[in-house]
Protein chains: 2
Amino acid sequence: MVNSDPPRGGRRPGATATRDAILAAAREAFFARSYEGATIRGIAAAAGVDPALVIHYFANKRGLFVAAMELPVNPGEVVGAAMRAPRAERGFALAKAALAAWESPGASEVIVALMRSAASDEAATAVLRDFFAAEVLAPIANAGGGGPEAMLRASLAVSHLMGVLFARFIVRIGPLADTDTATLAPLLGAALQTYLDGDAPEVQS
Amino acid sequence: MVNSDPPRGGRRPGATATRDAILAAAREAFFARSYEGATIRGIAAAAGVDPALVIHYFANKRGLFVAAMELPVNPGEVVGAAMRAPRAERGFALAKAALAAWESPGASEVIVALMRSAASDEAATAVLRDFFAAEVLAPIANAGGGGPEAMLRASLAVSHLMGVLFARFIVRIGPLADTDTATLAPLLGAALQTYLDGDAPEVQS
DNA sequence: GTCAGAATTCACCATGTGTTGAATTCTACG
DNA sequence: CGTAGAATTCAACACATGGTGAATTCTGAC
């Protein structure tokens, strides 16, 4: 009886892709349950691994979170590219780029997990704020001249993008969750265009 | 020594506004930390009360939550009133009404707490979805004719409102958090108007 | 003045959490 | 073969949480 059937401790045989398995399970858990809702024990179980191994690799829960939240695409580039479209089509370009980016697997998951966590965790809020400010807001504001009003307009555009994310992927409001990208893009683009061209609307209080 | 200084058990003297104090503390806690983050112990401490009293009044944490989330204003009416404005001004009217409603004390707190909690709790998600669908989406969609396209357009408008809430009160993106209602309303209104009037924008893929 | 019942607290319980430290087993290199 | 070190598990700690049940004290009606 040198080898009882399930090894009750120590290193497991075979190759060692465990770290990635943990990361994948963590991404899934953070996406589905947000930072506080996800548990190290649960993630470890999903990865078929002991909880202690998780913290052996990532030091603590927050370390695991930031490791799992590595973005697969660079949103700054995506937004910047859209801003290089002709002025009158930037809204549509931005809408199309954002919607397309969210469809690439892994991207929306990460952003949504970030938003979910930002809703309940103060530190995650700061991360998300910095992320949107640097990667999304800045390129849009710069394309609009960079002044304080361009900043405000860009913020409103970004808020709309966040709202679509929230409504489509978190709250899953019927029509928004079920409609395909191609149908959404022109509508969303027209609204965004409102912010991107400087002509103030003629309305009075 | 009939009365030692701090009464160590039993009923406290004086009038009994304790229930409301608990509710107020709960609202504040749910607003600041979302459902899972807020703790019965913390709420009880903030209200100067034993945790057991909280559950004596509200049965359990979820009961406390729904009791605390009673909305002080009826959003259906607010939205409905805005939709009775002349067609070309509905976007602006909706923006003004929403921004004004969020400024009345207690209103934004409740909605934001609901959004925060919806981000991590599946049940709260359902509550928020039903709330927005019935109170906000339906009036807008009806004003637009009620067809599936009006529904989609209304969803996009609602998503923008949620986005502004998220960016202004939760993530607190600089320009959005610091700008006053009067400046915001026309900009936001113009974008919303895009969704409210039916003429499709002329852009091609 | 009595007394039912409400308001309030106290002392616990069961559970789940992140995290730690030591132990065990495998791999790779000499 | 021997052995250093990595990979992995085990058992446990300290802590916080939501919740329970009994006890205590006050109030209001008769």
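Lettering follows sequence order; numbering is per chain, from 1. The figures that follow rest on heavy atoms only: side chains count, while hydrogens, waters and symmetry mates do not.
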B:R19 CZ to C:dA7 P, in whole Å, measures 9 Å
Pull out every protein N or O sitting under 3.5 Å from an N or O of nucleotides 18-20 of chain C, one pair per line with the distance.
from   : atom 1 : to    : atom 2 : distance (Å)
C:dG18 : OP1    : A:K61 : NZ     : 3.1
C:dG18 : OP2    : A:I40 : N      : 3.1
C:dG18 : N7     : A:R41 : NH1    : 2.5
C:dG18 : O6     : A:R41 : NH1    : 3.4
C:dG18 : O6     : A:R41 : NH2    : 3.2
C:dT19 : OP2    : A:K61 : N      : 2.8

Return all side-chain donor-acceptor pairs below 3.5 angstrom for residues 26-47 of chain A, not counting sequence neighbours, or 'none' if the list is empty.
from  : atom 1 : to    : atom 2 : distance (Å)
A:R27 : NH1    : A:A68 : O      : 3.3
A:Y35 : OH     : A:R62 : N      : 3.4
A:T39 : OG1    : A:R41 : N      : 3.1
A:T39 : OG1    : A:G42 : N      : 2.8

Nearest whole Å is fine: how far is C:dT24 P from A:H56 NE2?
18 Å
Return each pair, listed once, that meets ring-ring contact (aromatic ring centres under 6.0 Å, His included) where at least one residue sits in residues 133-160 of chain B; pairs must be two or more places apart or across chains.
A:H160-B:H160, A:Y195-B:H160
Phosphate OP1/OP2 of C:dT8: any B:Y57 side-chain N/O under 4.0 Å:
yes
Roughly, in whole Å, what's the span from CZ in B:R33 to P in D:dA16?
14 Å
Check whether any side-chain N or O of B:T18 sits under 4.0 Å from OP1 or OP2 of C:dT8, and answer yes or no.
yes
Applying side chain to side chain contact (heavy atoms under 4.5 Å, CB included), name anything that partners A:A150, two or more places apart in sequence or on another chain.
none
What is the distance, to the nearest angstrom, from the CD1 atom on B:I22 to the P atom on C:dA7?
11 Å
B:L53 CG - C:dT9 C1' separation (whole Å):
9 Å
Could I get the full list of side chain to side chain contact (heavy atoms under 4.5 Å, CB included) partners for B:P139, not counting sequence neighbours?
B:V79
If you look only at distance, which donor and acceptor atoms sit under 3.5 Å apart when one is on a side chain in residues 107-114 of chain A and the other is two or more places apart or in another chain?
from   : atom 1 : to     : atom 2 : distance (Å)
A:S108 : OG     : A:W102 : O      : 3.4
A:E109 : OE1    : A:G106 : N      : 3.2

Quick one: does any side-chain atom of B:R153 pair with a main-chain N or O of B:P148 as donor and acceptor, under 3.5 Å?
no
